[in-house]
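Just below is one structure, and these are the notes that go with it.
None of these values were measured; they are calculated from a predicted model.
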Amino acid sequence: QVQLVESGGGLVQPGGSLRLSCTASGFTMGYYAIGWFRQVPGKEREGVSCISSGGASTNYADSVKGRFTISRDNAKNTVYLQMNSLKSEDTAVYYCARGVYGYCSGYVPKNIASWGQGTQVIVSS
């Protein structure tokens with residue numbers, strides 16, 4: 001009943017762009033902070049960006065600051081991650097996550113309530 005689904009991943013060349021989407025079912029996304037995370041094999045899942053419930057506050061990890069933009073359309077129950085100037089180091093499975101509250105702690109939600117299943121992003125020439 002409660003679900004987050006990521007989409008928009010794929011293969012892109014270095015310097016290219018992708019837009020990821022995170023769409024919620026079974027709850028009203030507008031009540032919660034939403035974060036984007038990424039994970040590569042053998043490494044911990046790391047936070048990428050977080051947006052507050054109303055979209056007023058956005059935060060980014062230093063590794064993506066200036067290249068990625070998080071946004072939300074609560075009427076569509078969707079949060080986006082626009083990724084520009086992609087690098088090979090951005091290759092990962094990208095996950096969205098719902099926070100317990102409506103606000104972020106740095107570039108991650110204060111606490112995580114649930115995760116999506118992830119979407120693969122491969123940056124390669």
Polar contact flag, side-chain donor to acceptor under 3.5 angstrom, Ser17-Asn84: yes
Any side-chain heavy-atom pair of Gln39 and Glu44 under 4.5 Å: no
Minimal non-hydrogen separation, Ser124 against Pro14, with atom names: C-CD, 3.6 Å
Test item: Val79 and Ile70 side chains (from C-beta on) under 4.5 Å apart, heavy atoms: yes
Over all atoms of both residues, closest heavy-atom pair of Cys104 and Gly106: CB-O, 3.5 Å
Where Leu18 and Gly8 come nearest, the two heavy atoms and their spacing: CD2-O, 3.8 Å
Close side-chain approach of Pro109 to Cys50, heavy-atom, < 4.5 Å: yes
Atom of Ala97, atom of Phe37 and distance for their closest heavy-atom approach: CB-CE1, 3.9 Å
Donor-acceptor contact below 3.5 Å, side chain Ser63 vs main chain Ala61: no
Residue pair Val48 / Phe68, side-chain heavy-atom distance below 4.5 Å: yes
OH/Tyr101: more than 12 non-hydrogen atoms of other groups inside 6.0 Å: no
Arg98 to Tyr32 six-membered ring, cation-pi geometry met (6.0 Å, 45°): yes
Quiz item: cation-pi between Arg72 and Tyr80, 6.0 Å / 45°: no
Under 3.5 Å donor-acceptor, Asn74 side chain and Ser53 backbone: yes
Ile34 with Val2, same ILVMFWY side-chain cluster at under 4.5 Å: yes
Residue pair Val93, Val40: steps toward the side-chain contact (heavy atoms from CB on, under 4.5 Å) verdict: CA-CA 7 Å; Val93 177; Val40 299; over 6 Å; no
Hydrophobic cluster membership, Tyr31 vs Phe27, 4.5 Å side-chain cutoff: yes
Sub-4.5 Å side-chain heavy-atom contact between Val12 and Ile122: no
Donor-acceptor under 3.5 Å (Asn77 side chain, Met29 main chain): yes
Pair Tyr107 and Trp36, ring centroids less than 6.0 Å apart: no
Whether Gln13 side chain and Ser125 backbone form a donor-acceptor pair below 3.5 Å: no
Worked check of side-chain contact (heavy atoms from CB on, under 4.5 Å) between Val64 and Arg38: CA-CA 11 Å; Val64 306; Arg38 65 187 183 186; 3.9 Å; yes
Asp90 side chain near Met83 side chain, heavy-atom distance below 4.5 Å: no
Plane angle bin for Trp115 and Tyr95 - parallel if under 30°, tilted between 30 and 60°, otherwise perpendicular: perpendicular
Donor-acceptor pair, side chain of Ser49 and main chain of Asn59, under 3.5 angstrom: yes
Residues Ser7 and Thr119: side-chain donor-acceptor under 3.5 angstrom: no
Neighbour count above 12 (heavy atom, 6.0 Å) for Gln82 CD: yes
Side-chain heavy atoms of Gln3 within contact of Thr23, under 4.5 Å: no
Shared hydrophobic cluster for Val108 and Ile51 (ILVMFWY, side-chain gaps under 4.5 Å): no
Electrostatic pair Lys65-Asp62, nearest N-O below 4.0 angstrom: yes
Heavy-atom donor-acceptor pair, Ser85 side chain to Gly15 backbone, under 3.5 Å: no
Shortest non-hydrogen separation from Val123 to Thr91 and the atoms involved: N-OG1, 2.9 Å
Glu6 side chain to Gln117 backbone, donor-acceptor under 3.5 Å: yes
